[in-house]
Amino acid sequence: MKRRPFLLRVWSALGLLLVGGWSGFSLAALHRAGRRREAPLALDDPRLETLEPGAALLIEGWWLRREDEGLLALSRTCTHLGCTLAPAAGGEGLACPCHRSRFDAAGQPLSGPAREPLARRHLRRKDGRWVEGAPAG
Ligand code: FES
């Protein structure tokens, strides 16, 4: 094969690899952004009324903890590859059964392959329900 056609094929292949990689990266970023724009969270589980400060409950895919001004809800979806998190054994936070990522009580990654913090929502009491972002009352 002559040199010029060979180099043209090599550069074409590299160009396709770059475009393919960039497309995959962009789609992953769009997917992550889409997950963050979910509908506002609203809960009315009666167990939330008696939740003590520092205690946590698992409700509807969320790990809920009482805060001074309401509730903190952490998503139970691992930011590595999406496995469902469980309360960490012997301590605060959440642990992933798939690849052993661990998150603290604020949703920050502590160890394992996950690098992104968990999705989090702040809930306030309003009209008999716990709703995202509503003023206390
Ligand atoms: Fe959770 Fe991999 S999916 S650590």
Closest heavy-atom pair, L58 versus R47, reported as atoms and distance to 0.1 Å, is O-NH2, 4.2 Å
Answer yes or no: is the gap between the SG atoms of C83 and C98 smaller than 2.5 Å? yes
4.5 Å side-chain heavy-atom contact, V131 and P40: no
A106 backbone acceptor or donor facing R120 side chain under 3.5 Å: yes
Just how far is it from atom CD of E132 to atom CG of L71, taken to the nearest 0.5 Å? 12.0 Å
Would you say L85 and L74 make side-chain contact, with heavy atoms under 4.5 Å? no
To the nearest 0.5 Å, atom CD of Q108 lies from atom CZ of R115 at 13.0 Å
For residues E60 and D45, determine if any side-chain heavy atom of one lies less than 4.5 Å from a side-chain heavy atom of the other. no
Considering all heavy atoms of both residues, which atom of T79 and which atom of A114 are nearest to each other, and what is their separation? OG1-CB, 3.6 Å
Are L72 and H122 side-chain neighbours, meaning at least one heavy-atom pair lies under 4.5 Å? yes
Start with the C-alpha distance between L123 and L64, add both sets of side-chain angles, then the distance that settles side-chain contact (heavy atoms from CB on, under 4.5 Å), and finish with yes or no. CA-CA 9 Å; L123 305 176; L64 296 128; 3.8 Å; yes
Counting neighbours of CZ on R100 that are heavy atoms of other residues, nucleotides or ligands and sit closer than 6.0 Å, is the number greater than 12? no
To the nearest 0.5 Å, how far apart are CZ in F103 and SG in C96? 7.0 Å
To the nearest 0.5 Å, what is the distance between NE2 (H80) and NE2 (H99)? 6.0 Å
Polar side-chain atom of R66 near backbone of L48 as donor-acceptor pair, under 3.5 Å: yes
May I ask you to decide if G128's main-chain N or O and R125's side chain share a donor-acceptor pair within less than 3.5 Å? yes
S111 side chain near S101 side chain, heavy-atom distance below 4.5 Å: no
Return yes if some donor-acceptor pair links the side-chain N/O of R76 with the main-chain N/O of W63 below 3.5 Å, else return no. no
Would L41 and W62 satisfy side-chain contact (heavy atoms from CB on, under 4.5 Å), going step by step from the backbone distance to the final call? CA-CA 10 Å; L41 184 61; W62 296 92; 3.5 Å; yes
Can you give me the closest heavy-atom contact between E92 and R102, atom names plus distance? O-NH2, 3.5 Å
